[in-house]
Amino acid sequence: QVQLVESGGGLVQAGGSLRLSCAASGRTISTYDMGWFRQAPGKEREFVATINFSGAYTLYADSVKGRFTASRDSARNTVYLQMSSLKPEDTAVYYCAAGSSASSSWSSYNYWGQGTQVTVSS
């Protein structure tokens with residue numbers, strides 16, 4: 001089993017930056033592909049970014065491309081989502097997930113964190 005805990009969310013003004021962390025425990029995530037998703041109130045969960053097990057491959061949603069960067073630190077068993085140039089429409093609960101495919105589909109991920117709230121004020 002893999003337990004995932006997100007942190008780093010908060011309130012930020014438009015144009016600001018945040019770095020989300022997703023710390024894993026229970027087993028190493030070095031062999032897992034990791035994804036970031038978000039869910040805004042009244043909306044479905046949507047794909048944000050994914051990074052493969054080696055860190056060599058990343059994929060981003062068009063809405064965040066060029067503003068968000070996913071990375072991972074195997075020594076810390078942690079993945080990160082650096083978010084810059086934040087917009088009010090980025091407001092959502094952000095979730096990290098671990099799975100066997102670096103995919104934009106939520107069904108590819110087996111383990112999920114509890115989420116961290118990101119609120120961007122205009």
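Just so you know, residue 1 is the first one in the sequence shown, and it goes up from there.
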Original post:
Just how far is it from atom OG1 of Thr91 to atom CG of Leu11, taken to the nearest 0.5 Å?
Top reply: 8.5 Å
Original post:
Hey, what do you get for OG (Ser103) to OH (Tyr109), rounding to the nearest 0.5 Å?
Top reply: 5.5 Å
Subject >> Shared hydrophobic cluster for Phe37 and Leu59 (ILVMFWY, side-chain gaps under 4.5 Å) >> reply: yes
Subject >> Distance in Å, Leu18 CG paired with Ser84 OG, rounded so as to fall on 0.5 Å steps >> reply: 9.0 Å
Subject >> Any donor-acceptor N/O pair, Arg72 side chain to Ile29 backbone, under 3.5 Å >> reply: yes
Original post:
Cluster question for you: counting only ILVMFWY and a side-chain heavy-atom cut-off of under 4.5 Å, with indirect links fine, are Leu81 and Met34 together?
Top reply: yes
**OP:** Over all heavy atoms of both residues, which pair between Ala92 and Gln117 is shortest? Give the atoms and the distance, please.
**Re:** O-NE2, 3.5 Å
**OP:** Please report the shortest heavy-atom distance between Ala24 and Val2, naming the atom on each side.
**Re:** CB-CG1, 4.3 Å
Subject >> Approximate separation, where rounding is to 0.5 Å, of Tyr57 OH and Asp33 CG >> reply: 9.5 Å
Original post:
In Å, rounded to the nearest 0.5 Å, how long is the span from CG of Leu4 to OH of Tyr32?
Top reply: 9.5 Å
Original post:
Can you check whether Arg76's main-chain N or O pairs, donor with acceptor, with Thr78's side chain at less than 3.5 Å?
Top reply: yes
Original post:
Is a side-chain N or O of Asn77 found less than 3.5 angstrom from the main chain of Arg27, in a donor-acceptor match?
Top reply: yes
**OP:** State, to 0.1 Å, how close Ala70 and Ile51 come at their nearest heavy-atom pair, and which atoms those are.
**Re:** O-CD1, 3.8 Å
**OP:** Answer yes or no for Arg19 and Tyr80: cation-pi contact, defined as NZ/CZ to six-membered ring centre under 6.0 Å and angle to ring axis within 45°.
**Re:** yes
Original post:
Hey, what do you get for OG (Ser122) to NZ (Lys87), rounding to the nearest 0.5 Å?
Top reply: 14.0 Å
Original post:
Quick one: does Thr50's side chain have a donor or acceptor within less than 3.5 Å of a partner on Thr58's backbone?
Top reply: no
Subject >> Heavy-atom neighbours of Trp106 CH2 exceed 12 at 6.0 Å >> reply: no
**OP:** Output, in order, the C-alpha distance, side-chain angles, deciding distance and verdict of side-chain contact (heavy atoms from CB on, under 4.5 Å) for Phe68 and Trp36.
**Re:** CA-CA 11 Å; Phe68 290 12; Trp36 287 95; over 6 Å; no
Original post:
So if you build clusters from Ile, Leu, Val, Met, Phe, Trp, Tyr with side-chain heavy-atom gaps below 4.5 Å, do Leu20 and Tyr95 land together?
Top reply: no
Original post:
Can you check side-chain contact (heavy atoms from CB on, under 4.5 Å) on Val118 and Arg38, steps first, answer last?
Top reply: CA-CA 9 Å; Val118 172; Arg38 67 187 181 186; over 6 Å; no
Subject >> Intermediate values then yes/no, side-chain contact (heavy atoms from CB on, under 4.5 Å), Val64 and Met83 >> reply: CA-CA 9 Å; Val64 306; Met83 307 186 296; over 6 Å; no
**OP:** Determine, for Lys65 against Asp62, whether the closest basic-nitrogen to carboxylate-oxygen distance falls under 4.0 angstrom.
**Re:** yes
Original post:
If you look at every heavy atom in Ser30 and Ser74, which pair is closest and at what distance?
Top reply: CB-OG, 4.4 Å
Original post:
Is the count of non-hydrogen atoms from other residues, nucleotides or ligands lying under 6.0 Å from Phe53 atom CZ greater than 12?
Top reply: no
Original post:
So, the side chain of Glu6 versus the backbone of Gln114: is there a donor-acceptor pair under 3.5 Å, distance only?
Top reply: yes
